[in-house]
Amino acid sequence: MSIPKETPNASSRLDRGETHDVTELHAAVLREKPDPVEGFEPVNLWVVAGIAGLLFWGGAYLTQYSGRFEAMEFSEFPHGKPAPVVAVAADPLAAVKRDGMIAYNAVCALCHGEDGAGKAGVAPPLAGSDWVNADGPNRLLRIVRHGLKGTVKVNKDVTWNPANDPSIVMGSQWDAIGGTNEKLAAVLTYIRSSWGNTGAAVTPQMVADGLAAVKDRSADANWTQEELLQVPASGAGAPAAAAAVTPDQLKAQLQALPAEQRQALLKELSQ
Ligand code: HEC
């Protein structure tokens, strides 16, 4: 009587009592991946590689530019703000010019431009103007105090309003800038030191002296270039004495008047 084999042949994958190779039967099942479960689908390897690349780049960036994670590293003033007094000390007129700039930008810039370059058809340039850069402020302060009309030779390259168009005028800006000697001095100091201009500073005292001579002039009596040229640009600011007129000149001037006006004048003088 033979003893039934207790163990299957070692080379066979059949277990005891088995007639079919289970492994072989399930080969197809083993070869397939399990069905994906929603929410746990396998991720594309390129995406994984991309994220890994970004992380690497981020690490490298932080190593380079972290600023050692110190708050001060990115501060504009790591040693505290510089004291404003430094700027004032460098230019004793800084505060005056600032005042002047504020008034200029609020009033004059509308016509003359913030850059002082003037605007075609609106107002002539102040940058490079002979009026602005003159020795003294006597003519300049009159222009702002009472306005200006008529043709104006601004400098050797620019003649404004050559056609003498009466609709082109600058009215008095005195009230607009605040109506004080200090404000006018500040505005004039600002325009004389900006945009390449080289005029000296103007003090409130200079304005007071200059305006004293014209205190009776009405604000809407705009100056003309001819009138202003009679005024010395610098100095105490009194108008120059009228040039003496010869009898011949007087005769010519009388002849130039319309006949009625001349008759009336002669009659008045002979009384
Ligand atoms: C409404 C427009 C207007 C405003 C505001 C104005 N101006 Fe003028 N300005 C003119 C015009 C126009 C002329 C030329 C007038 C003429 O045709 O004679 C002129 C001429 C001048 C001139 C002489 C010409 C030159 O270019 O140098 C000076 C200086 C001047 N202005 C300064 C000022 C200052 C300073 C202010 C402000 C306080 C001011 N103006 C505000 C329109 C303006």
Side-chain angles (χ1 to χ4, degrees), residues 93 95-204 206-211 213-214 217-235 237 239:
L93 286 173
V96 171
K97 287 182 192 167
R98 215 180 120 263
D99 255 17
M101 182 182 78
I102 292 169
Y104 179 87
N105 284 345
V107 178
C108 327
L110 296 180
C111 298
H112 291 283
E114 284 201 5
D115 57 358
K119 292 183 186 173
V122 179
L126 301 182
S129 156
D130 290 344
W131 300 95
V132 178
N133 288 300
D135 276 4
N138 287 340
R139 293 171 185 163
L140 195 51
L141 58 85
R142 281 168 168 74
I143 293 176
V144 180
R145 181 69 183 85
H146 302 110
L148 181 68
K149 64 183 175 193
T151 304
V152 187
K153 185 167 177 285
V154 174
N155 60 37
K156 73 176 176 14
D157 299 320
V158 182
T159 299
W160 170 261
N161 191 5
N164 205 351
D165 180 346
S167 69
I168 300 180
V169 293
M170 168 174 148
S172 166
Q173 304 297 317
W174 175 252
D175 291 335
I177 60 168
T180 65
N181 294 343
E182 285 71 22
K183 272 283 184 317
L184 183 46
V187 171
L188 298 186
T189 298
Y190 172 68
I191 65 175
R192 277 161 69 81
S193 61
S194 301
W195 323 302
N197 288 343
T198 53
V202 176
T203 64
M206 289 160 98
V207 173
D209 291 346
L211 290 183
V214 289
R217 191 180 176 103
S218 94
D220 55 6
N222 310 136
W223 295 91
T224 62
Q225 166 172 272
E226 290 67 34
E227 270 183 294
L228 285 176
L229 291 176
Q230 307 283 314
V231 181
S234 59

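Residue indices begin at 1 and follow the sequence shown. We count ligands from 1, going down the list as the structure has it; atoms in each ligand are counted the same way. All values below come from the heavy atoms of this structure, side chains included, with hydrogens, waters and symmetry mates left out. Because the structure is predicted, anything quoted here is derived from the model rather than measured.
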Item to check | Closest to atom 27 (O) of ligand 1 (judged by heavy-atom distance), picking from P125, A134, S129, G121 | outcome: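 Looking at heavy atoms only, S129 sits closest to atom 27 (O) of ligand 1.
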Next on the checklist: On a heavy-atom basis, I'd like to know which of V158, L140, N161 is closest to atom 29 (C) of ligand 1.
Outcome noted: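 Considering heavy atoms of V158, L140, N161, the nearest to atom 29 (C) of ligand 1 sits in L140.
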Checklist entry - Leaving waters out, which protein N, O or S atoms fall under 2.8 Å from atom 8 (Fe) of ligand 1? => result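 Listed by chain and number, the nearby protein N, O or S atoms are H112 NE2, M170 SD.
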Taking only heavy atoms of [X], which atoms of ligand 1 are found under 4.0 Å from at least one of them?
| X | result |
| --- | --- |
| V152 | 16 (C), 18 (O) |
| K149 | 16 (C), 18 (O) |
| I177 | 38 (C) |

Checklist entry - Checking side chain to side chain contact (heavy atoms under 4.5 Å, CB included) for the pair T151/W160: CA distance, chi angles, key distance, verdict? => result CA-CA 6 Å; T151 304; W160 170 261; over 6 Å; no
Side chain of [X], backbone of [Y]: donor and acceptor closer than 3.5 Å?
| X | Y | answer |
| --- | --- | --- |
| T159 | P162 | no |
| T224 | K149 | no |
| N138 | P232 | yes |

Item to check | Qualifying residues under side-chain hydrogen bond (donor to acceptor under 3.5 Å, both in side chains), relative to S218, sequence neighbours excluded | outcome: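 For S218, the residues satisfying side-chain hydrogen bond (donor to acceptor under 3.5 Å, both in side chains) (neighbours in sequence not counted) are D220.
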Checklist entry - To the nearest 0.1 Å, how far is atom 16 (C) of ligand 1 from its closest protein heavy atom, and which atom is that? => result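 Minimum-distance protein heavy atom for atom 16 (C) of ligand 1 reads G150 O, 3.2 Å.
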Checklist entry - Which protein heavy atom lies closest to atom 14 (C) of ligand 1, and at what distance to 0.1 Å? => result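 Of every protein heavy atom, W160 NE1, 3.2 Å lies nearest to atom 14 (C) of ligand 1.
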Next on the checklist: Test side chain to side chain contact (heavy atoms under 4.5 Å, CB included) on R192 and N133; report intermediate values, then the result.
Outcome noted: CA-CA 6 Å; R192 277 161 69 81; N133 288 300; 5.6 Å; no
Checklist entry - At a non-hydrogen distance cut-off of under 4.0 Å, which region of V169 contacts ligand 1 (side chain, backbone, both, or neither)? => result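 For V169, the contact with ligand 1 is made by the backbone alone.
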Checklist entry - Do the ring planes of Y190 and W195 sit parallel (below 30°), tilted (30 to 60°) or perpendicular (above 60°)? => result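 Ring orientation of Y190 relative to W195: perpendicular.
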Checklist entry - Has V122 got any heavy atom lying under 4.0 angstrom from an atom of ligand 1? => result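 Yes.
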Item to check | V107 touching ligand 1 at heavy-atom level, < 4.0 angstrom | outcome: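 V107 counts as a contact of ligand 1 under the 4.0 Å cut-off.
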Checklist entry - Do N155 and D130 have a side chain donor and acceptor closer than 3.5 Å? => result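 No, no side-chain donor-acceptor contact under 3.5 Å.
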Checklist entry - Could you walk me through whether R217 and E227 pass the salt bridge (Lys or Arg N to Asp or Glu O under 4.0 Å) check? => result CA-CA 13 Å; R217 191 180 176 103; E227 270 183 294; 3.2 Å; yes
Checklist entry - Taking atom NZ of K97 as the centre, does the number of heavy atoms from other residues, nucleotides or ligands within less than 6.0 Å exceed 12? => result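 Enclosed: over 12 neighbouring heavy atoms sit under 6.0 Å from NZ of K97.
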Checklist entry - With R145, which of V207, L140, L211 fulfils side chain to side chain contact (heavy atoms under 4.5 Å, CB included)? => result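 Per the side chain to side chain contact (heavy atoms under 4.5 Å, CB included) rule, the option paired with R145 is L211, out of V207, L140, L211.
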